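What follows is a single structure, written as structure tokens, with notes after it.
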Amino acid sequence: MIMSIIEIHNLSKSYGKTKALDNVSFNVERGELFGLIGPDGAGKTTLFRLLTTLLTPDEGNATVDGHDIVKDYLNIRSAVGYMPGRFSLYPDLTVEENLEFFAALFGTSVEDSYDLIAPIYRQIEPFRKRRAGKLSGGMKQKLALSCALIHRPKVLFLDEPTTGVDAVSRREFWDMLDQLKTQGITILVSTPYMDEASRCDCIALCNEGRILGVNTPQNFVHNFNDKLFGIRAKDMFSLLQRARSIEGVAACYPFGEYHHLIANNNFNPSIFTSQLSDIEGLGISTLEPSIEDVFIKLMKQ
């Protein structure tokens with residue numbers, strides 16, 4: 001009996017000499033909102049294209065809702081919705097025409113699935129006669145999501161859906177995903193924004209084609225055992241350069257108006273400040289880690 005709706009075992013994919021995915025393995029549970037978190041070039045889009053059967057792997061295997069991504073590609077394509085990172089609807093068709101077209105592709109109608117897409121589609125329905133290419137970024141996002149849901153997929157793949165949209169639209173989009181979860185749809189979403197990780201049930205941190213770790217956002221932070229400090233001074237660049245050379249500093253990196261400093265057992269805050277006493281305005285304070293701090297630590301390991 002298959003418990004996980006997505007099971008990935010040792011998937012690898014290369015483009016020429018470039019290894020886009022390197023021995024990736026993890027599972028996604030049914031009904032979960034799962035986040036694939038990592039920067040550009042981490043392999044997120046390649047993984048999504050493999051799982052939606054647009055590419056075939058060089059090595060390894062995976063199943064989506066019990067169907068093999070190579071042997072059962074037709075079954076998978078009818079069971080998933082895919083929203084690529086770049087707006088891929090027809091710009092010369094209206095909002096209404098795009099939605100009707102994608103419904104026809106899957107042998108359904110807008111009316112049959114209206115109850116599912118209504119909370120999203122109602123926000124753009126007043127503009128249903130407008131051409132898709134003339135919509136704002138946030139409205140294009142909502143239309144693309146409506147089209148991906150029109151056939152009631154079991155799994156929804158969203159590849160960096162909030163990239164390039166404003167902060168308000170980003171927040172609204174994640175609120176919509178929370179609502180979709182209540183409908184029993186499994187959602188796999190990729191994002192380069194670390195702050196969005198906390199909206200997921202479970203996340204995989206990835207970089208350069210590899211999975212650095214899989215856990216809940218809360219457990220990732222809870223398992224961060226090193227001491228974390230925030231440091232600042234008038235000359236932040238000089239502080240960064242000199243802090244990295246002091247004993248006990250495992251890592252130091254810019255983080256907003258502070259530098260974050262990960263300390264090992266040899267670190268002593270008093271000795272640290274005394275060694276940098278000539279730096280004007282030096283300050284140091286303890287901090288609670290974020291997902292980004294966890295990601296940077298795992299990258300260095």
Side-chain angles (χ1 to χ4, degrees), residues 2-11 13 20-40 42-55 57 60-69 76 79-85 141 144-145 148-149 152-163 170-171 173-207 209-223 290-292 294-295 298:
I2 296 173
M3 301 298 294
S4 303
I5 194 166
I6 299 174
E7 297 188 353
I8 303 168
H9 304 285
N10 308 118
L11 274 188
K13 181 68 178 179
L21 278 186
D22 188 3
N23 200 35
V24 167
S25 299
F26 64 85
N27 293 346
V28 178
E29 303 307 314
R30 197 172 297 274
E32 201 168 43
L33 175 49
F34 190 100
L36 197 63
I37 316 295
D40 291 343
K44 304 186 300 295
T45 297
T46 296
L47 179 58
F48 274 31
R49 289 175 178 172
L50 288 170
L51 294 177
T52 55
T53 75
L54 300 178
L55 293 174
N61 59 82
T63 59
V64 177
D65 195 30
H67 303 296
D68 184 271
I69 61 172
I76 290 176
V80 305
Y82 178 42
M83 181 175 161
Q141 180 194 59
L145 182 57
L149 288 167
R152 296 182 179 273
K154 293 181 180 179
V155 185
L156 182 62
F157 292 91
L158 307 173
D159 191 6
E160 297 194 2
T162 58
T163 299
R170 281 176 61 192
R171 187 168 58 250
F173 190 84
W174 280 94
D175 290 341
M176 289 187 288
L177 296 189
D178 287 336
Q179 289 296 316
L180 287 174
K181 262 188 59 183
T182 65
Q183 303 292 323
I185 298 174
T186 303
I187 303 171
L188 187 59
V189 57
S190 71
T191 177
Y193 302 124
M194 297 290 168
D195 61 306
E196 293 183 343
S198 62
R199 302 293 300 263
C200 302
D201 299 319
C202 188
I203 60 174
L205 298 178
C206 56
N207 189 52
R210 297 178 180 178
I211 299 298
L212 305 180
V214 178
N215 213 325
T216 66
Q218 297 79 11
N219 283 344
F220 265 124
V221 172
H222 179 73
N223 293 336
S290 66
I291 289 293
E292 191 162 358
V294 174
F295 181 82
L298 290 173

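Nothing here was measured: the structure is a model prediction, and the numbers come from that model.
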Less than 4.0 Å between a side-chain N and a carboxylate O, is that true for Asp175 and Arg170? no
ask   = Is it true that Asp195 and Arg171 make a salt bridge, defined as a side-chain N closer than 4.0 Å to a carboxylate O?
value = no
Using the test side chain to side chain donor-acceptor pair (under 3.5 Å), find all partners of [X] that sit at least two apart in sequence or belong to another chain.
X: Asp22; answer: Arg210
X: Asn223; answer: none
X: Asn207; answer: none
X: Thr186; answer: none

Just verifying a value: how many Å separate [X] [atom1] and [Y] [atom2], rounded to the nearest 0.5 Å?
X: Ile69; Y: Asn61; atom1: CD1; atom2: CG; value: 7.5 Å
X: Phe26; Y: Ile8; atom1: CZ; atom2: CD1; value: 3.5 Å
X: Asp159; Y: Thr46; atom1: CG; atom2: OG1; value: 9.5 Å
X: Ile211; Y: Leu36; atom1: CD1; atom2: CG; value: 5.5 Å
X: Leu33; Y: Lys181; atom1: CG; atom2: NZ; value: 6.0 Å
X: Cys206; Y: Leu212; atom1: SG; atom2: CG; value: 7.0 Å

Sorted by chain and number, sequence neighbours left out, side chain to side chain contact (heavy atoms under 4.5 Å, CB included) with His222 holds for none
Residues that [X] engages under salt bridge (Lys or Arg N to Asp or Glu O under 4.0 Å), provided they are two or more places apart:
X: Glu32; answer: none
X: Asp68; answer: none
X: Arg49; answer: none

Does any part of the side chain of [Y], heavy atoms only, come nearer than 4.5 Å to the side chain of [X], both counted from C-beta?
X: Phe157; Y: Leu47; answer: no
X: Pro161; Y: Val189; answer: yes
X: Asn10; Y: Val24; answer: no
X: Leu149; Y: Leu180; answer: yes
X: Thr191; Y: Thr163; answer: no
X: Val64; Y: Val80; answer: yes
X: Thr162; Y: Gln141; answer: yes

task = I would like to know whether Val214 and Cys202 meet side chain to side chain contact (heavy atoms under 4.5 Å, CB included); could you show each step before the answer?
result = CA-CA 7 Å; Val214 178; Cys202 188; 3.9 Å; yes
Residues pairing under salt bridge (charged side-chain N to carboxylate O under 4.0 Å, His left out) where one sits in residues 214-223, two or more places apart or in two chains, turn out to be none
Side chain [X], main chain [Y], donor-acceptor under 3.5 Å:
X: Thr182; Y: Gln179; value: yes
X: Lys154; Y: Ile76; value: no
X: Ser4; Y: Ile6; value: no
X: Asp65; Y: Ile5; value: no
X: Ser190; Y: Glu160; value: yes

Run the ring pair (Phe, Tyr, Trp, His ring centres under 6.0 Å) test against [X] and tell me which residues pass, sequence neighbours left out.
X: Tyr82; answer: none
X: Phe173; answer: none
X: Phe220; answer: none

- List the steps, then state whether side chain to side chain contact (heavy atoms under 4.5 Å, CB included) holds for Arg199 with Asp178. CA-CA 8 Å; Arg199 302 293 300 263; Asp178 287 336; 2.9 Å; yes
| request: Kindly indicate, with the supporting measurements, whether the criterion side chain to side chain contact (heavy atoms under 4.5 Å, CB included) is fulfilled by Trp174 and Cys200. | output: CA-CA 9 Å; Trp174 280 94; Cys200 302; 3.8 Å; yes
Requested in this report: Using the side chain to side chain contact (heavy atoms under 4.5 Å, CB included) rule, take Leu188 and Leu156 through it: C-alpha gap first, then chi angles, then the decisive distance, then the call.
Outcome: CA-CA 6 Å; Leu188 187 59; Leu156 182 62; over 6 Å; no
Which pair of non-hydrogen atoms, one from [X] and one from [Y], has the smallest distance, and what is that distance?
X: Ile187; Y: Leu177; result: CD1-O, 3.7 Å
X: Pro217; Y: Ala197; result: CG-O, 3.2 Å
X: Leu11; Y: Ala62; result: CD1-CB, 4.1 Å
X: Pro39; Y: Pro192; result: CA-CB, 4.5 Å

